[in-house]
Structures are given as C-alpha cells and as structure tokens.
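The structure under discussion appears below in the form of structure tokens.
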Amino acid sequence: MQTQIQQISAVAPEENIIQQAGAILRGGGLVAFPTETVYGLGADALQPAAAKKIYAAKGRPSDNPLIIHIAKIAALEKITAEIPPQALALAEAFWPGPLTMIFKKSDAVPYETTGGLDTVAVRLPSHAVAVKLIEAAGGYVAAPSANASGRPSPTMAARVFEDLNGKIPMILDGGAVGIGIESTIVDVSGITKNADGTWDVGQLPMILRPGFITKEMLARVIGEIRTDPGLSPETDMRPKAPGMKYRHYAPKADMKIVQGDAPAVVEFINERTKAARQQGKKVGVLCCEETADAYRTDLRRCLGSRQDEAAIARHLYEALRDMDDAGAEEIFAEDFSALQLGEAIMNRLLKAAAHQVITL
Ligand code: TXA
Ligand code: MG
C-alpha cells in the first residue's frame, strides 16, 4: 500500500482534504492525523473490522483497548451506558483537550474497539484537524498514538511515516503537535447510578495515566481523586489501563535516569561518558537548558528550560527518537520529578529507562 502524506493547515484545515480523509475512515480504512497531544492512528470506532486494522498496522496486542475520539460532548450519549455528574464536570472543565475518561460502554461500541472490556475510553480533542476529521468520519474515531507498538509516540508526521509507511493509505501532516505527551486518563466507571436516579461513588475517580492535566487540576473540579497504585514502580500490581503494562516509549539504547544535585549529576554523567568512550561506546544525555553546556557527552538533547515545563514535555519523545537516529548506545537522563508535570514526564522516562534509576 502506498502511504500518502497530505499537508493540511492546523488552524484552518482545507475542507476537500478533510472530506477525502473522512471518506477513507467511513469506508473502514485508516488515517493518521494530528491531535494536540500526539499523532493518532484513526479508524471508525463503531466498525469492528476497521478497529481491528489498527492493531495489525501498529503490531499492537489485541487486549490493549482504543480511545474513541468525539467532536462534541453530546456524542457521549450513544457510546456510554452512564455519564456520572463528575464526568460531566470534568468534560466541561477540560474538553476539548488532553483528557480521556473511562465510562461503562453501551452496546453501540464493539468489543474490537475496547479490547474485550465493558468500559470505553473517550476523548474530545482540541486540534482543529482532529475535530473536523471526526465530524467528517461520522463522529466516532478510535485512535491510539500513531507509532509502531513499543516506540515513542510521534509528535510529527515524519515519525508516523517512519513507523507506518506502507501500512496505511494516508497521513494528514498538520505540523508538530503542541503538547507532546498523551492525554491524562481518568476512570469514572466506578461511579454508578442507583434505581432512584442518585449516584453512588463505589470507587473514586482514578488516574490511570498521568498527563498534561495534573491531579491538582482535576481535584480542583471534582474533589478527591486517586492515582492507580499499579503505576508505581515499587509495586507488583498490574496497572488498570492495559497499555500501561507494556514497556513503551523505549529507545534502542540502554537508558538510565540519574537523580541528585545538578552539579553531582553532571559530574557523574561526564565521568561515565569518559569510561564508556574508552570502550568505544557512544553516550547521550537528556538534559535541560540550565545544565546543557556542562556536559561532555557525545550527544546532547536539551529538552528545554526547567522554567518552561511544557517545552520539556513537548520535546521528550522526539529527543528519544533522535537519540536512536544518532546511534546512542547508552543514554543518561536528568530527573524531572520536581516539576508540576513531573508525574507525567517521569512516567514516560521511567518506562523508557525500564525503571533503571541511579541515585547519587
Ligand atoms: O493523547 C492521547 O490519548 C492519544 C491521542 C492520539 O489522542 N492517544 C493515545 O492512545 O495515547 P493509546 O492507544 O496510545 O493509549 C490509550 C491508553 C492505553 O494505555 C489503553 O490501555 C488505555 O488507554 N485504555 C483504553 N481504553 C481503556 C479502558 N476501557 N480501560 C482502561 N484503559 C483503557
Ligand atoms: Mg500509545
């Protein structure tokens, strides 16, 4: 299959291109498109055969469910069994935007889309191309990140092409994305409706994947909220989101996170670089603007200033892919847990590093 890369305006998407891509989706085909978080690989969520094609193109395990993308809040009705008031409050506060919620599913949603689960993940993205495409496709687009399973999520069309060339007919290229890490996932399916119409918080809303919308931001809207204990590196519990259990976002190099005072971290990494170089190994560092000049590594990728957390999130995945391209064999990364986005950034970094942390 020939993969066509189609340029499209991120602010005013050309209608003829949207219609062409929408027709592919309605016909049961796949289209990759930009969202504000990362590029997604879309299929009509209500056609079982179309959803199945996503798994084949990505090489994704079939038990890993897909997020259904919608273009308006009212579209929730058809695909969910119940919409708890807390979910509506979160939708009003953060949609369109980088928040995904897990609901009990309705019969309209095929099990091919939910990986066999009775719940469904739903997100209303803010990117104009995504919104227009969802409308043109009939309102319900299943879309995982548009990477080959196991690779870092793509933040630009060229990376989608790298992973999926020959496997999908079209990539809409709307330029680099703004956020760069996937949406925050919140499970609200533990809140159930009683026969008398009141609601029972059987289980508190729970964060299944940290993201750009932080726990504090969510708590300001709905009060108490938990984080899936299965996400902690120190537990044997399985994460509740099936996708969080896979080693993910991984560069090919052996990666380690180094924690400690900035000068000690710099010194440690420089010394390790010298030693590795003597063995003929190429070493890379993922760092911030404040320390970048102090490193003597072969490769250096500065994610941004610690004063600009969004930049660090936005550049993370591209830096990991870039390290692969540059042939890094060993990567050291600074620790970013002190940031407000620290939970989201470290969740990805720890996975990329297979949880290898050096504490000085
Ligand atoms: O920002 C995003 O969410 C991007 C863009 C394209 O919208 N999409 C994305 O999709 O990150 P994906 O497939 O790469 O990640 C979806 C995650 C997986 O970890 C999956 O296991 C989880 O959501 N998930 C989906 N449905 C679920 C469900 N019913 N219950 C629990 N977890 C679910
Ligand atoms: Mg993904």
Side-chain angles (χ1 to χ4, degrees), residues 1-62 64 66-69 71 110 112-113 125 127-178 180 182 243 248-252 317-318 320-322 324-326:
M1 184 186 294
Q2 276 279 94
T3 301
Q4 184 197 354
I5 302 185
Q6 178 65 62
Q7 304 292 323
I8 190 163
S9 163
V11 277
E14 294 80 357
E15 192 54 33
N16 60 326
I17 299 171
I18 290 290
Q19 287 311 323
Q20 205 187 334
I24 295 176
L25 292 175
R26 284 198 312 276
L30 305 182
V31 175
F33 62 97
T35 81
E36 70 279 20
T37 57
V38 298
Y39 271 75
L41 176 59
D44 184 339
L46 306 185
Q47 292 184 40
K52 264 184 150 165
K53 283 188 190 166
I54 288 180
Y55 291 90
K58 280 181 59 98
R60 181 179 176 107
S62 62
N64 190 3
L66 307 173
I67 296 172
I68 300 186
H69 294 63
E112 282 77 0
T113 298
H127 197 293
V129 171
V131 172
K132 290 260 167 26
L133 179 64
I134 295 161
E135 281 166 353
Y140 299 94
V141 174
S145 47
N147 50 287
S149 198
R151 299 227 61 208
S153 297
T155 58
M156 54 181 78
R159 296 305 193 180
V160 180
F161 187 76
E162 208 173 276
D163 283 14
L164 301 177
N165 180 24
K167 297 183 171 154
I168 61 174
M170 184 182 275
I171 300 169
L172 295 180
D173 181 357
V177 302
E182 307 86 345
H248 225 138
Y249 320 123
K252 290 169 193 142
Y317 284 143
E318 188 49 30
L320 289 174
R321 284 187 177 247
D322 215 26
D324 276 347
D325 292 350

Which heavy atom of [X] sits nearest to which heavy atom of [Y], and what is that distance?
X      : Y      : result
Ala10  : Ala128 : O-CB, 3.5 Å
Leu66  : Ala142 : CD1-CB, 3.9 Å
Arg159 : Asp325 : NH1-OD2, 2.9 Å

Kindly compute the distance separating [atom1] ([X]) from [atom2] ([Y]), expressed to the nearest 0.5 Å.
X      : Y      : atom1 : atom2 : result
Thr113 : Lys52  : OG1   : NZ    : 11.0 Å
Gln19  : Ile24  : CD    : CD1   : 12.0 Å
Lys252 : Arg321 : NZ    : CZ    : 9.0 Å
Gln6   : Leu172 : CD    : CG    : 7.0 Å
Tyr317 : Thr155 : OH    : OG1   : 10.0 Å
Glu318 : Met156 : CD    : CE    : 4.0 Å

Is [Y] close to [X] at the side-chain level, that is, under 4.5 Å between some pair of heavy atoms?
X      : Y      : answer
Asp44  : Arg26  : no
Pro125 : Ile134 : yes
Ile54  : Pro144 : yes

| request: Establish, from distance only, whether the side-chain atoms of Ser145 and Glu182 form a donor-acceptor pair under 3.5 Å. | output: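 No - no donor-acceptor pair under 3.5 Å links their side chains.
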
| Tyr140 and Leu25: side chain to side chain contact (heavy atoms under 4.5 Å, CB included), yes or no, with the steps? | CA-CA 10 Å; Tyr140 299 94; Leu25 292 175; over 6 Å; no

| query | Run the side chain to side chain contact (heavy atoms under 4.5 Å, CB included) check on Leu164 and Thr3 step by step: do they pass? | reply | CA-CA 8 Å; Leu164 301 177; Thr3 301; over 6 Å; no

| So does Glu15 have more than 12 non-hydrogen atoms from other groups sitting under 6.0 Å from CD? |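 Counting neighbours around CD of Glu15, more than 12 heavy atoms of other residues, nucleotides or ligands fall under 6.0 Å, so yes.
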
| query | Going through the distances and angles, do Ile18 and Ile8 end up as a side chain to side chain contact (heavy atoms under 4.5 Å, CB included)? | reply | CA-CA 9 Å; Ile18 290 290; Ile8 190 163; 3.8 Å; yes

Test your reading of the model: is there a side-chain donor-acceptor pair from [X] to the backbone of [Y], 3.5 Å cut-off?
X      : Y      : value
Asp163 : Asn147 : no
Lys58  : Ala146 : no
Tyr55  : Asn64  : yes

| field | Steps toward salt bridge (Lys or Arg N to Asp or Glu O under 4.0 Å) verdict (Lys132, Glu135) | value | CA-CA 5 Å; Lys132 290 260 167 26; Glu135 281 166 353; 5.6 Å; no

